[in-house]
Structures are given as structure tokens and as C-alpha cells.
Amino acid sequence: MRILVLGGGPAGLYFSLLMKKLEPTHDVVVLERNAPSDTFGWGVVFSAKTMSSLRETDPETYAAISAASETWDNVDVVHRGEKISIRGNDFGGVARIDVIQLLQRRCHELGVELRFRTNVTEWSGLAALGGPPDLLVGADGLNSLVRQAHAADFGPTLDAGRNRYIWLGTPRLFHGLTLIFKQTPAGVLAAHAYKFSKTRSTFIVECPEETWAAGPLAGWSEAETPARLAEVFREELGGEPLLSNASRWIRFTLVKNRRWTTGNVVLLGDAAHTAHFSIGSGTKLAMEDAIALARSFAAHREVGPALAAFEAERKPKVDAYQEVAYGSLLWFERVKDLLHLDPIPFAYRLMTRSGKVDHENLRRRDPAFIEAYERQLRRTP
Ligand SMILES: Cc1cc2nc3c(=O)[nH]c(=O)nc-3n(C[C@H](O)[C@H](O)[C@H](O)COP(=O)(O)OP(=O)(O)OC[C@H]3O[C@@H](n4cnc5c(N)ncnc54)[C@H](O)[C@@H]3O)c2cc1C
């Protein structure tokens, strides 16, 4: 089978190597506009559950990601300057560039052809590349060309969140997912921080559009923004700097599609769906899509039945996940209504925000935290 994949991000690379592993005679070509070492952003997060599904699927990829990861089991919530730690949450952080490059290496090992610096700007150009493929995969991210070219069939909707955010890095090491809520004269800023290597942490800052527009934030140039924000978070950063990687204030885009497949074309990863970064799962979802589609090909072989089975099995799961992530997005958009809460009940509301984690589940994760929360409830009339 001749497989053409547009986009060499986590979804496109992982799917390509899994298909080559499934059937070495497949001809798999990935077209990627960037160079092999280009990346945006800093680190990404994987849960222990995602890691175990990577281990079952391709032990080599799992071992490489695992070796590059920093792991933790605590979520730290910093509110009014007080840090509340909640244990029992198994996650790991890893540099996005490491994930991309180890997937590229694995693709090379298995014989996937990677064509870098190939920017496809026209649909007709893609279709003409070496004749029409048997399978065309749109793993081309948020602004997918493949999705646009088949918009009538896929039925996409794109909605921008109300908050602004900026994805920065820092040499300050935050052990565990650290959520910092900082009151400023302009309004509240939330930072999502976690280490993803021995020397770096991700540091995402988000705030309501009004706070961004009314305060000094919108007036700072792109070049001065990291240093200015580092001043705002000086205490939490211990005086360490914030670092830019072409970082800009943007708004989260929620991507959904009525369908993910049409004819011999399929969307994977961010091209098909996005999930708010506060549940840290865009890369996980992209790689799980790749696993599900490759499994579908293992079971069905023919393109038509494989795509139909993939969509039927995978889309309802992702739809449900997107609901949870949307609940989390709304929580962060409305957080100013909860700032009157003391640190423990505030942390409790944060942990239970999406409905996925409830009281008893939290008790299993961290009995001491739940005891402290219940003690506080008894004290508060
Ligand atoms: C602030 C922020 C924080 C995040 N944090 C996390 C996190 O903690 N954990 C997590 O799992 N995820 C996180 N994500 C999400 C994650 O980065 C994405 O969900 C993930 O990269 C999706 O993978 P993908 O392969 O579908 O798309 P992408 O990674 O976007 O890859 C698409 C690729 O296609 C290429 N491409 C696109 N169009 C063309 C074209 N026309 N021609 C050639 N090439 C093209 C692009 O260059 C790119 O390499 C975060 C995202 C943001 C914005």
C-alpha cells in the first residue's frame, strides 16, 4: 500500500512507523514543512496510562520516551502564596523536540521516508505527488490543509477560547504539575509549570482576554514579555528567567469535525481534534489516534473498512475526552469567581473541575489531602 502522510508531528510520525512495522512492504512517505530539528513550545505531558499503551504498542518508542522523561506524582496548587500538594497523580514530562526526534529515528530504522522542508501549499500539489496514494493521512495539525480541502465532508468547527496564553520555558525546575494563581492589579494570571528535563520546565501563563488587554501585558513587546512576566512570577521562579521559543500570546482553538474520514483520506491528531492544554493531552491523543488507526489496519487490511472501523471506535472516545477538556478550559476562564476560597478548598475545586476525578477518587490518590479538606469543611460553618 502507498501511504502519504502530511505532517511530521507526533500523530504522523507515530502512525507511519506503526504501519511500516505492521507491513514492511508498505511505501510510507511523510511530508513535513519544517527541518528535523525545528520545534515549537517546550515540554509535553504523558500520564502513566498513556505510557503503558505506548509500551504495548512499540516497546522501542516507549523505552526512548521513558528514558527522556521526568516523572512525578504530585499536583501543587499555589493560591494566595500557599502551596497545597496533592499526591497520587502519576505523570511524566518530556521535551517536545525529544519526542519528535526519537520518532524520526524510529521512522528511519523502520524505513519510513521522511521528506523535510516540504511545505505543501496546494491540495492539487499534494494529490499529484507521485500519483494518488492508497491512503492519505492529514496529520498536519491545527491549521490542517487536508481538513480545509475536504471541509464539506469533514464538517469542521473551530472555536477560540476566551483566555490568552503564552507557552514559555524556564531553567527553574518545578517538580510535579504546579498551578500558580497570581493576583495582579490587572487581574489573575494562572501559570501551568512542570519540569520536562534535567534542566528545563514548561511555564505556560494564561489570563482572561480583559486582563491581558487592560493590563500592561498587551503593551509589552514580544521580546520583552518573558522578562516582564519573570518579574511578575519572581518569587515562584526563585529569580530564574523565563525563556521564549517564538512564544506569543494566543488563544486556544477548539477543533472538532463531524467526520474524520472521507474516501481514502483520514485526519489524525490536532487536525481532527484539540484538547485544552490544562489537561495536557494533545500529544497523547495524537499518538493514541495513531495506535487506533494502525490497529484498525491490522484487523481490516482494506482502506475503506479500516477507516470506517477506526472512526467508529475512536471518535466517540475523543468526543468524550474533548468534553472533559472543555470543562477544564471553562474552569480556568472562570477562576476569578473562586479566588475567595481558601487554598485547600480552592485546590479541591481545581482537582475535581472536569468531573473526571471525584471525592472518592481523590481520597484514593491522597487520603491526607482529603482529610485536610474534610477537616476544613467541618470548621467552616
Ligand atoms: C500551550 C500548549 C501546551 C501544550 N501542552 C501539551 C502537553 O503538556 N501535553 C501534550 O500532550 N500536548 C500538549 N499540547 C498539544 C500538542 O502540542 C499537540 O496536541 C500535538 O503536537 C498534536 O500533534 P499532531 O501530530 O496532531 O500535530 P502537530 O504536532 O501540530 O504536527 C503537525 C505537523 O504538520 C506539519 N505541517 C502542517 N501543515 C503542513 C503543510 N502544509 N506542509 C507540510 N507540513 C505541514 C507541521 O509543521 C507539524 O510538524 C500543547 C499545546 C499547546 C499550544
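Note that the coordinates shown come from a computational prediction; the quantities given were computed from them, not determined experimentally. This chain uses plain numbering: 1 for the first residue, then up along the sequence. Numbering of ligands and ligand atoms starts at 1, following listing order.
For atom 25 (O) of ligand 1, the nearest non-hydrogen atom of the protein is Ala11 N, 2.9 Å. Of the protein's non-hydrogen atoms, Arg96 NH1, 3.7 Å is the one closest to atom 17 (O) of ligand 1. Atom 31 (O) of ligand 1 has as its closest protein heavy atom Gly9 CA, 3.4 Å. Annotation: atom 23 (O) of ligand 1 to nearest protein heavy atom, Pro10 CD, 3.5 Å. Regarding atom 11 (O) of ligand 1, its nearest protein heavy-atom neighbour is Thr283 N, 2.7 Å. Scanning the protein for heavy atoms near atom 27 (O) of ligand 1, the closest one is Gly141 CA, 3.8 Å.
The aromatic rings of Phe181 and Trp331 sit perpendicular, their planes meeting at an angle over 60°, well past the 30° parallel limit.
Of all the atoms in ligand 1, the ones that sit under 4.0 Å from a non-hydrogen atom of Ile204 are 1 (C), 3 (C). Near Ala139, meaning under 4.0 Å from any of its heavy atoms, are these atoms of ligand 1: 32 (C), 33 (C), 34 (O). Every atom of ligand 1 is numbered from 1 in the order shown, and the set under 4.0 Å from a heavy atom of Asn34 is 47 (O). Near Gly269, meaning under 4.0 Å from one of its heavy atoms, ligand 1 places the atoms 26 (O). Each of the following atoms of ligand 1 lies closer than 4.0 Å to a heavy atom of Thr118: 42 (N), 43 (C). Listed by number with element, the atoms of ligand 1 under 4.0 Å from a non-hydrogen atom of Ala286 are 23 (O), 26 (O). Near Gly7, meaning under 4.0 Å from any of its heavy atoms, are these atoms of ligand 1: 33 (C), 34 (O), 35 (C). The distance from ligand 1 to the heavy atoms of Asp270 drops below 4.0 Å at these ligand atoms: 18 (C), 19 (O), 22 (C), 26 (O).
Look at Phe46 and you'll find every heavy atom at least 4.0 Å from all atoms of ligand 1.
A cation-pi contact, defined as under 6.0 Å to the ring centre and within 45° of the axis, links Arg55 to Tyr62.
Residues satisfying the salt bridge (Lys or Arg N to Asp or Glu O under 4.0 Å) test with Glu70, not counting sequence neighbours, are Lys195, Lys198. Applying the ring pair (Phe, Tyr, Trp, His ring centres under 6.0 Å) test to Phe369 and every residue at least two apart in sequence or in another chain returns nothing.
Side-chain atoms of Thr50 and Ser53 include no donor-acceptor pair closer than 3.5 Å.
One finds no salt bridge joining Arg365 and Asp73 here, because no Lys/Arg side-chain nitrogen approaches an Asp/Glu carboxylate oxygen to under 4.0 Å. For Asp289 and Arg314, the salt-bridge test passes: some basic side-chain N is under 4.0 Å from an acidic carboxylate O. A salt bridge is defined here as a Lys NZ or Arg NE, NH1 or NH2 lying under 4.0 Å from an Asp or Glu carboxylate O, and Arg228 with Glu224 meets this definition.
Tracing side-chain contacts under 4.5 Å through hydrophobic residues (I, L, V, M, F, W, Y), one reaches Leu179 starting from Tyr348; they form part of the same cluster.
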